[in-house]
Amino acid sequence: MGKPTTSTLQKFITHLIIEQTTLRSNSRMYREFKHLHLPSIDAEIRQFWEDERIFERSVEQRPADQSFVFYEGPPSANGKPGIHHVISRTVKDLFCRYHTLKGKRVERKGGWDTHGLPIELQVEKELGITKEDIGKKVTVEEYNQACRSTVMRYKDLWDDLTRRMGYWVDLDNPYITFKNEYIESCWWLLQQLYNKKTAAGEPFLYKGFTIQPFSPAAGTGLSTHELNMPGTYKDVTDITVVAMFKVRYTAASGFLFDDTEEDLRILAWTTTPWTLPSNVALTVGPDIEYAKVKTLSPYTGSPVSVILAKDRLSAYFNPEDENQPFEDFAPGDKKLPYRVIRADIRGAELSGVPFEQLLPSPEIVTPELEEKGFRVITGDFVTTEDGTGVVHTAPYFGADDFRACKAAGVPFIGVPNPQNPDLPAPLVDRTGRFVQEVPLFGGRFVKEEYYHEEERRAPDFKPTDLLIALHLKEQNRAFRIEKYKHTYPHCWRTDKPVLYYPLDSWFIRASAARERMAALNKTINWKPASTGTGRFGQWLENLQDWNLSRSRYWGVPLPIWRTEDGEEELCVGSVEELRREADKAVAAGMMDTNPFTGSIETGFDLHRPYIDDVVLVSPSGKPMRREADLIDVWFDSGSMPYAQWHYPFENQEVFKNNYPADFIAEGVDQTRGWFYTLHAIATMVFDSVAYKNVVSNGLVLDKSGNKMSKSKGNVVDPFQTLEDYGADATRWYMMSNANPWDNLKFDQGGILEARNKLFGTLFNTYNFFALYANLDGFKMDEFKVLPYAQRAELDRWIISKLYSLVADFRAALDDYEPTKACRALEEFVDEHLSNWYVRLSRRRFWKGEMNEDKTAAYQTLFECLTVVGQLMSPVAPFFSDWLYRNLTAPVKEVAKAKNTPLRHDSVHLTDLVMPDNSKVDKALERRMDHAQRICSLALSIRKKEKLRVRLPLQKMLLPVLDATFIAEVDAVKSLILSEINVKQIEYVTDASGLLKKGAKANFKTLGAKLGKDMKEAAALIAAFSNEEINALEKTGSVQLSVNGASYDITPEDLIITTEDLPGWKVAVEGALTVALDVTLTPELVAEGMARDLVNRIQNIRKDKDFNVTDRVKVVVEPHEAIRPAVETFHDYIKAEVLASDLVLAEPSDGEAVELDGGVTVRVDVQVN
RNA sequence: AGGGCUAUAGCUCAGUUGGUUAGAGCGCUACACUGAUAAUGUAGAGGUCACCAGUUCAACUCUGGUUAGCCCUACCA
């Protein structure tokens, strides 16, 4: 992979040979080529760039104070690059190149993301170990070393892709996140946050407590990344319980009771019965309606009233059983009679209703909990999708529960915690067992999967969930017990279920900067805008604090040292500070030596495990140990604007010139990743945006819209793609097919289309230019440029189109709309330049001697090609440079000597052409558009009448549309006549009486005037006769009565068309009508035949590979059908085919050619 | 579950502030043109603009809802 195949090399060699032949013959000529082979062009240009340091020069030649700042989001080099990296890097590259052309200095420092779980996983896989083996089977030092060598595993592959796709980024001085300097900058940022206080006086960096996924079997917390690994979410069947919480009769709950003795319960469902001993509250939705139902306890038959959401009644009660006699029920019966007492209790009313603890644990419950807990609270997260609309709430085992209890002031339940007197320890320990204090179940694993296999297989084994359910049933506190299948996350390593468990973590108080982040976000230009306002904006509105802690080895260590009691704490913000603290510690006898005496580059390693050996001393003389956590790798990447320059320790000036970024681009999946962490750190530490413009590109899917994955085998190899089609066609396809923020259905057919359509057409156009320029000895002379005014209409038209394109193209890229820019350029090259300008100009190039008109044609085409090449160069950097160099090579020396615009070695060193309104002539563009439409209509008539284009026709009739029409058409008359092969144009006016007119309502102007009468008016107008239309045109107004109302109609309210010229062959498009005189005379037929003969002879010349300039002898077999043609147009034919002799005679040799009317004659063409 | 994006011809995509007959390229069919030949033109076939309601004289376009695909986030008890 990635290496040139033999066939490519051969093609390349062939390519070079062709080129050398050309060069040898005349080194000052334009290079000509047989075939277009983009990968060969890539190779040639790539070599040229490296030899001539074009990238470096493109940056250096721009002034340092004119910077356009770009940040590279660091990829991780421990995985191979994929095709999706090509699209995001194309986006990055093209805007950087574009702004370089506009004169900006665009530094592009590369970077590598080197920390994080994927690297740890890979290392463990390669060493054949698991996390538990770290420190046992391998030392942490060895582990650290292995990580170091793994992170750059595929760096060469990445660098290769970077070069092959033409992505210009500084590969020699990248920032690397594992370097001490980088880590030091991260520490500095963390210290800023640590010292900075919110408006409420709280530090931005704090230690807190949250509910996180935790694997007791592995004894570690899990990141969301780990939870998103394949196979972690599994279908499991759990025992679920609908528990009955007995309501206490108090002032707050009295309104619910019929009498003080009533047995009133609230129903709540849980899929994790093991959390019931930890229940301290029930959460209801404030706006959900709840019902009170009188019924019987299903398992005991005792009378009971229950409360649950009105919408959930049908899940627990069958309407058939409503109001059935209670006496008939026996415990265990399926039919449970019930009576709805009321169904209008809003959740908010239930708030504060107290209940008895479900599983009493008097030893554990504190007086504070007794007072503030065991009551109903409200929460927005409650739904009535399933369960009872009441959520059993155990704060230590659910993130929602935790938040709800905190918000409602409900204390947590737990046992005394030696580490933290303020927060009780949960009732489940870190191995997954109930603590001993839990009545009945103390010491049991909460999930059956945590027991050993043998224990689980024992005949009398019962899972804890089941034991709890059965206990509740006995106690008349269970309403329903059933199995329930759902998905539940599992630890990817142990395969055992995850618990949600309270863990200590360090947080960044991002929620305190929520408004500021939202406000700054509004100043960022998002592409597409919806990602900024939608996905990102709404995420900011609901921002939670950022959990920084990770229990890992390979990452940036949290620079916080604490005494054991947590009373004293130090956040270190630099190596220098750490060095000083270490000196103090050594002096105090905490450490033997100071590990940080060496240089930051090589003297020490700030990673674990080394950093863990550093014991500092507190002001009061106690030892301080480092908080064991590492920080989230996303903090690493969000720190890159500062850390890439080792700010603030070095490069303060550089940083100032390169902050914030003008532009960044990554995949849309980075919205809450890199885009967020950049924004968060910039807002909190610098009160600034980190970037002003951001393009988020979509995913690359396969041809059928499926995600690419190794298992599906639909992964596209980027190296192979670049190898097969070349970088430019691939890049162009990716930018032009769809907006980069839409998902791309990657189809190689699309690349082929880009290659044929755009690059093939441009290649042909260039080759056409080179062929004739070399024949005529034309060379662009920048000092003898013909003024536009002296050039042909067609030249001025294409120049006008070209500068319209320049304006459109620049506007699109200035607005970060690459797709619009690409499509505009494609249209210009294909529709205008190739299919109109070159096609109609061909004759000017190959006919006759050099003269002013011919020079004008060359200069015009030259200008189009150079400008197009320059415009497309940000997207197609190789082909455009190849084109530029081919076009400028013959004049390069002169241009350099005279310091003219063509002097640059590479298109990427040029200054982008400025929009120039003086070159744009919209009126000219409009009349050429007329010409094109007239030709199109005329050709369609020919087609319908089966009149081939080589057969000349006498006359075309054009009804005159308005005052300027004749002048407009006359200006382009000769083009029209030769294009459609007609002798003359005749204009027809009303006065001729030939025209049959029609009228249509102009809905836009009439709609506002007529309103409801619009429909009928349109019908009336459509029925207007010639006379009525003429009358309106003459008087300028007419009255139209519709449904009794009368309206004043003006000519603007109608669209008048010529429908027909009776007796003529007519084609109509919109207002434009074309009629052809299809009468054939012997003269016309002979001329047509002469042109056919010319065509056949030219084909023979081409087949025989004659040189374009060879003169020939032609012998044509005599035939009655062609005799008039050969006789009348003898000189014409000779001139066209460069024949010295043309005779009608029996040829001795030659080919049989077929002519109109099934005539076949033999023609012999020989070089003189 | 929440949020976001997308839905127009067989395929890839345009479609301006609502306005008449919804377009282009590729592919298919037929016929042309060409001293640019891995191109090009003309014509044809191919559409209930995902679905349902609403606003309006008029909806692909605006509003609300539904469905499907994808992405991000999420222990739904």
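In this text the structure is predicted, and so the values were computed from the model without any measurement. Residue numbers start from 1 in every chain, and the chains themselves are labelled A, B, ... in the order their sequence lines are given, proteins ahead of strands.
Relative to the side chain of A:T270, the nucleotides B:A36, B:U40, B:A77 differ in distance, and B:A77 lies closest. Residue A:V838 places its side chain closer to B:A36 than to any other of B:A32, B:A36, B:A77. Nearest to the side-chain atoms of A:R948 among the listed nucleotides B:C26, B:A32, B:C75 stands B:A32. Counting only heavy atoms from C-beta on, A:Q538 has its side chain closest to B:G3 among B:A39, B:G3, B:C33.
Nucleic acid contact class of A:A1001 (heavy atoms, under 4.0 Å, all strands): base. Within 4.0 Å (heavy atoms only), A:F214 reaches no atom of the nucleic acid at all. Nucleic acid contact for A:L36: base, since at least one base atom lies under 4.0 Å from a heavy atom of the residue. Within the nucleic acid shown, A:G750 has no heavy atom closer than 4.0 Å to any nucleic acid atom.
The nearest whole Å value for the distance from the NE2 atom in A:H84 to the P atom in B:C71 is 13 Å. Atom CD1 of A:I377 is separated from atom P of B:A77 by 16 Å (rounded to the nearest Å). If you measure from atom CZ of A:R755 to atom P of B:G25, you get 20 Å, rounded to the nearest angstrom. Whole-Å rounding puts the A:L701 CG to B:G69 P distance at 14 Å. One can place CD of A:Q212 at 12 Å from P of B:A74, the figure rounded to the nearest angstrom. Per the geometry, CG belonging to A:L775 stands 12 Å off P belonging to B:A36, to the nearest Å. To the nearest angstrom, P of B:G4 lies 19 Å from OH of A:Y676. Distance A:N697 CG to B:G4 P: 21 Å, rounded to the nearest Å.
With sequence neighbours left out, the ring-ring contact (aromatic ring centres under 6.0 Å, His included) criterion links A:F1003 to no other residue. In this view, A:A938 and A:M956, A:I980, A:V1074 satisfy the side-chain contact (heavy atoms from CB on, under 4.5 Å) rule, not counting sequence neighbours. Partners of A:N279 according to the side-chain hydrogen bond (donor to acceptor under 3.5 Å, both in side chains) rule, which considers only residues two or more places apart in sequence or in another chain, are A:H392. Under the rule for a side-chain contact (heavy atoms from CB on, under 4.5 Å), the partners of A:S88 that lie at least two apart in sequence or sit in another chain are A:N697. A:R1111 meets the salt bridge (Lys or Arg N to Asp or Glu O under 4.0 Å) test with no other residue; sequence neighbours excluded. Applying the ring-ring contact (aromatic ring centres under 6.0 Å, His included) test to A:F879 and every residue at least two apart in sequence or in another chain returns A:F759, A:W882. Residues meeting the ring-ring contact (aromatic ring centres under 6.0 Å, His included) test with A:W674, sequence neighbours left out: none.
On a pure distance criterion of 3.5 Å, a polar donor-acceptor pair joins the side chain of A:S834 and the base of B:A36.
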Protein-nucleotides 41-46 of chain B N/O pairs under 3.5 Å:
none

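A centroid separation of less than 6.0 Å is found between the aromatic rings of A:F397 and A:W274. Proximity of the aromatic rings of A:F536 and A:F675 is defined here by a centroid distance below 6.0 angstrom, and this criterion is not met.
A:N521 and A:G537 make their closest contact through ND2-CA, 4.0 Å (heavy atoms, listed as atom of the first residue, atom of the second, distance).
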Could you go step by step and tell me if A:N739 and A:E817 meet the side-chain contact (heavy atoms from CB on, under 4.5 Å) rule?
CA-CA 8 Å; A:N739 285 318; A:E817 292 274 358; 4.0 Å; yes

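The backbone N or O of A:V284 sits nowhere less than 3.5 Å from a side-chain atom of A:T378 that would complete a donor-acceptor pair. Side chain of A:S936 to backbone of A:Q932: no donor-acceptor contact under 3.5 angstrom is found. Using modelled atom types, one side-chain atom of A:Y733 and one backbone atom of A:D747 make a donor-acceptor pair closer than 3.5 Å.
A:Y500 and A:D401 are not linked by any side-chain donor-acceptor pair at a separation below 3.5 angstrom, with hydrogens and angles left out of the test. No side-chain donor from either of A:W526 and A:T533 sits under 3.5 Å from a side-chain acceptor of the other. Counted by atom type alone, A:S834 and A:T765 present zero donor-acceptor pairs between their side chains at under 3.5 Å.
Comparing the C1' positions of B:C5 and B:U42 gives an interatomic distance of 40 Å, to the nearest angstrom. If you take atom C1' in B:A50 and the same atom in B:U56, they sit 23 Å apart, rounded to whole Å. Straight-line distance between the P atoms of B:U61 and B:U17: roughly 14 Å, to the nearest whole Å. Rounded to whole Å, the separation between the C1' atoms of B:C52 and B:A14 comes to 27 Å. Look at the P atom in both B:G23 and B:A32: the space between them is 28 Å, to the nearest Å. Taking the C1' atoms as reference points, B:U16 lies 15 Å from B:C62, given to the whole Å. Using atom C1' as the reference point in both B:C60 and B:U48, the two lie 12 Å apart (nearest Å). Taking the C1' atoms as reference points, B:U67 lies 23 Å from B:C76, given to the whole Å.
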If the sugar-phosphate is the primed atoms plus P, OP1 and OP2 and the base is the rest, what is the B/S/- string for nucleotides 8-19 of chain B, using protein heavy atoms under 4.0 Å?
----SSS--B-B

Once base and sugar-phosphate atoms are separated, protein heavy atoms under 4.0 Å mark nucleotides 58-64 of chain B, 5' to 3', with B, S and - as -------

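Between A:V949 and A:V391, the residue anchored nearer the 5' end of RNA chain B, judged by the nucleotide with its closest heavy atom, is A:V949. A residue-by-residue look at A:E753 and A:V390 shows that A:E753 has its nearest nucleotide of RNA chain B further toward the 5' end.
Contacts of residues 763-771 of chain A with RNA chain B (heavy atom under 4.0 Å): A:N764, A:T765, A:F768.
Under the 4.0 Å criterion applied to side-chain N and carboxylate O atoms, A:R1091 and A:E1136 are not assigned as salt-bridge partners. In summary, A:K820 and A:D808 do not engage in a salt bridge, as defined by a charged side-chain N under 4.0 Å from a carboxylate O.
Pairing analysis of RNA chain B (Watson-Crick: purine N1 to pyrimidine N3 plus N6-O4 or O6-N4; G-U wobble: N1-O2 and O6-N3; both under 3.5 Å) yields stems of 3 or more pairs at B:1-7 with B:67-73, B:10-13 with B:23-26, B:28-32 with B:40-44, B:50-54 with B:62-66.
Taking 4.0 angstrom as the limit, A:K757 places none of its side-chain polar atoms (N or O) nearer than this to OP1 or OP2 of B:A38.
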